[in-house]
Amino acid sequence: MIHPKQAELARLLVTHSVSLKKGEKCLIQSHDVPEEMIEALINEIYEVGAYPVLDYRRARLQRALLKGADRESLTGIAEIEAFRMKKMDAFIGIRGYDNPRETSDLPESQSQLEMTHLMKPVHHEIRVPGTKWVVLRYPTPGMAAMAQTSTGSFEDFYFAVTTEVDYAAMAKAMEPARKFLEKTKNVHITGPGTDLRFSIESIPVVPCFGERNIPDGEIYTAPVQDSVEGTISYNAPSSFFGHTYQNIRFSFEKGRIVEAASDDTGKLNAILDTDEGSRYIGEFALGCNPRILEPMDETLFDEKIAGSFHFTPGNAYTEANNGNRSAIHWDLVCIQRPEYGGGEISMDGQLIRRDGIFVHPAFEALNPKHLTR
């Protein structure tokens with residue numbers, strides 16, 4: 001039986017996130033998600049007169065597919081998936097985790113093949129620029145374990161952060177922030193282990209209030225590619241290619257990561273050597289979801305943490321394009337609330353945020369007290 005919260009989430013995704021219209025085709029791609037949630041999405045898509053297309057996956061089977069894959073086989077799969085994606089008007093990607101470490105024992109080379117020869121041509125080059133899309137996670141026991149809580153508590157948290165945030169108020173609050181950022185030239189970020197300077201001059205600014213991610217709550221742009229100078233220390237754990245990285249630190253010269261360290265410096269640098277663009281930054285974003293406060297090693301949640309920012313090695317989005325191209329796009333998060341060490345963000349000499357709280361008039365409406373229902 002479809003739970004009312006599942007139906008409410010499906011309605012939000014179909015009518016708000018991808019704004020499906022009559023006659024449009026929507027691809028639902030799911031990984032380890034209960035059938036009831038997918039059924040709720042199918043029902044909502046039909047309700048608006050659109051057409052659902054279903055791609056129902058299991059992480060264990062994807063692991064088996066990748067384990068024996070080579071460049072030729074993945075290129076062939078990409079050609080088929082690219083043909084289908086080009087026919088879609090919209091995309092809803094929803095992923096659960098029966099086992100968050102399902103692919104942790106695969107060689108890094110296999111994960112890099114997937115990123116370069118499957119994800120990049122299908123998702124980076126077709127889905128992102130060519131469809132109305134939204135991606136999200138779904139609460140499973142595996143995700144509850146990642147969040148170090150019970151399944152029931154995590155489900156309550158999940159539906160609160162997805163359906164109890166006032167996205168209409170968020171959209172309105174982001175407008176003055178967007179206008180301010182569009183006029184900004186220079187950014188300076190300080191905090192424990194962080195002293196970072198870069199320019200965002202003439203790079204577009206994109207507010208995110210439930211149209212591309214659920215949960216949502218970020219406003220992003222990108223640094224001018226060769227402008228980044230200084231150091232940054234991230235304080236949220238982040239998994240990539242099956243390893244959970246802790247205490248990632250970068251040093252930049254002329255936009256390029258020239259030194260990188262973490263709990264596994266060797267693996268970290270192997271990722272950054274995927275291609276030339278993976279050592280440059282493709283995104284800078286401010287997180288502001290009022291109901292997400294702690295990291296849980298899940299990017300689509302962690303990058304929205306209130307009082308955080310993320311600074312992303314790899315590919316730039318076409319909507320905020322600084323010219324950087326890469327098979328990698330790794331949203332690494334730094335939280336600046338006092339319990340995480342604090343920090344400040346200034347723009348063109350004006351203080352914007354101190355210790356995770358916006359203090360500039362153009363941004364104050366994005367503080368948590370204004371965005372909950």
Side-chain angles (χ1 to χ4, degrees), residues 2-31 33-57 78-96 119 121-138 158-159 161-175 178 204-220 285 289 300 304 317-321 329 371 373:
I2 298 172
H3 191 278
K5 286 291 185 182
Q6 292 174 320
E8 184 179 0
L9 177 58
R11 193 171 304 116
L12 175 69
L13 294 170
V14 170
T15 62
H16 174 76
S17 299
V18 297
S19 300
L20 272 183
K21 303 297 188 292
K22 184 176 180 179
E24 291 184 326
K25 297 180 290 295
C26 180
L27 176 62
I28 305 168
Q29 187 177 90
S30 71
H31 294 250
V33 175
E35 292 179 357
E36 293 83 1
M37 184 64 224
I38 305 306
E39 184 179 359
L41 281 170
I42 291 171
N43 291 347
E44 287 297 329
I45 292 171
Y46 278 136
E47 182 68 23
V48 300
Y51 306 121
V53 178
L54 181 60
D55 182 358
Y56 192 78
R57 303 185 179 194
E79 289 175 354
I80 296 167
E81 293 196 4
F83 178 85
R84 179 178 63 181
M85 194 70 77
K86 289 176 181 178
K87 301 291 185 181
M88 296 298 119
D89 300 293
F91 173 90
I92 297 174
I94 181 167
R95 182 187 295 267
M119 295 297 294
V122 177
H123 292 270
H124 292 180
E125 296 177 3
I126 301 173
R127 187 259 293 176
V128 171
T131 70
K132 299 183 292 183
W133 59 270
V134 62
V135 294
L136 67 156
R137 300 296 182 254
Y138 190 82
Y158 175 86
F159 286 109
V161 302
T162 55
T163 63
E164 295 178 13
V165 173
D166 191 338
Y167 286 119
M170 186 180 290
K172 184 177 180 180
M174 283 182 174
E175 191 57 20
R178 179 188 64 79
V205 177
V206 181
C208 300
F209 41 84
E211 291 184 330
R212 293 292 177 260
N213 291 171
I214 292 290
D216 212 347
E218 66 171 287
I219 184 165
Y220 75 87
N289 187 300
L300 291 186
K304 314 303 190 321
Y317 290 119
T318 55
E319 295 90 346
N321 191 6
H329 182 93
L371 300 178
R373 292 193 297 185

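Keep in mind the model is a prediction, meaning the values are calculated, not measured. Here, residue 1 is the first one in the sequence, and each next residue gets the next number.
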Point to revise | Validation row, ring centre Tyr56 to ring centre His31 under 6.0 Å | key: no
Point to revise | Side-chain donor/acceptor of Ser19 to backbone N/O of His16, under 3.5 Å | key: yes
Check your understanding: If every non-hydrogen atom of Ile94 is compared with every non-hydrogen atom of Val33, which pair is closest and at what distance?
Key -> O-CG2, 3.5 Å
Practice item. Run the numbers on Leu41 and Arg11 for side chain to side chain contact (heavy atoms under 4.5 Å, CB included), then give the verdict. Key: CA-CA 8 Å; Leu41 281 170; Arg11 193 171 304 116; over 6 Å; no
Practice item. For the pair Glu24 and Lys132, find out whether any cationic side-chain nitrogen is under 4.0 Å from an anionic carboxylate oxygen. Key: yes
Check your understanding: Is His123 close to Met85 at the side-chain level, that is, under 4.5 Å between some pair of heavy atoms?
Key -> yes
Check your understanding: Looking at Val122 and Ala78, what are the two nearest heavy atoms and their distance?
Key -> CG2-O, 3.7 Å
Exercise for review: With side chain to side chain contact (heavy atoms under 4.5 Å, CB included) as the test, would you mind laying out the steps for Glu39 and Ile2 before giving the verdict?
Suggested key: CA-CA 8 Å; Glu39 184 179 359; Ile2 298 172; 3.9 Å; yes
Check your understanding: Are Tyr317 and Tyr220 close enough that their ring centers fall under 6.0 Å?
Key -> yes
Point to revise | Side-chain heavy atoms of Thr318 within contact of Glu125, under 4.5 Å | key: no
Point to revise | Flag side-chain contact, heavy atom, 4.5 Å: Lys86 against Ile126 | key: yes
Review point. Can you check side chain to side chain contact (heavy atoms under 4.5 Å, CB included) on Val165 and Asn289, steps first, answer last?
Key: CA-CA 8 Å; Val165 173; Asn289 187 300; 3.8 Å; yes
Check your understanding: Side chains of Arg212 and Val135: does their closest heavy-atom pair fall under 4.5 Å?
Key -> no
Check your understanding: Do you know which of Arg178, Met174, Glu319, Glu218 makes side-chain contact (heavy atoms from CB on, under 4.5 Å) with Val206?
Key -> Glu319
Review point. So, are Lys87 and Glu81 salt-bridged, with charged N and O less than 4.0 Å apart?
Key: no
Review point. Just wondering, are more than 12 heavy atoms of other shown residues or ligands nearer than 6.0 Å to CZ in Phe83?
Key: no
Point to revise | Smallest separation among heavy atoms of Asp216 and Met170, with atom names | key: O-CE, 4.0 Å
Practice item. Taking all heavy atoms of Lys304 and all of Asn213, pick out the closest pair and write down the distance. Key: NZ-OD1, 2.9 Å
Review point. Do the side chain of Trp133 and the main chain of Phe91 share a donor and acceptor less than 3.5 angstrom apart?
Key: no
**Study point:** With sequence neighbours excluded, residues passing salt bridge (Lys or Arg N to Asp or Glu O under 4.0 Å) with Lys5
**Key:** Glu8, Glu164
Exercise for review: Test side chain to side chain contact (heavy atoms under 4.5 Å, CB included) on Gln29 and Ile92 and set out the steps.
Suggested key: CA-CA 6 Å; Gln29 187 177 90; Ile92 297 174; over 6 Å; no
Exercise for review: Please examine the side chains of Leu20 and Thr15, heavy atoms only from C-beta on, and report whether any two atoms are closer than 4.5 Å.
Suggested key: no
Study note, to complete from the structure: Between Pro207 and Ile219 the two heavy atoms that sit nearest each other are CA-CG1, 4.0 Å
**Study point:** Under 3.5 Å donor-acceptor, Tyr158 side chain and Arg137 backbone
**Key:** yes
Review point. With side chains defined as the heavy atoms from C-beta onward, is the minimum distance between Ile214 and Tyr167 less than 4.5 Å?
Key: yes
Practice item. Grab the two heavy atoms, one from Pro52 and one from Ile28, that are nearest each other, plus how far apart they are. Key: CB-CD1, 4.4 Å
Review point. Any ion pair linking Lys21 and Asp89 (charged N to carboxylate O, less than 4.0 Å)?
Key: no
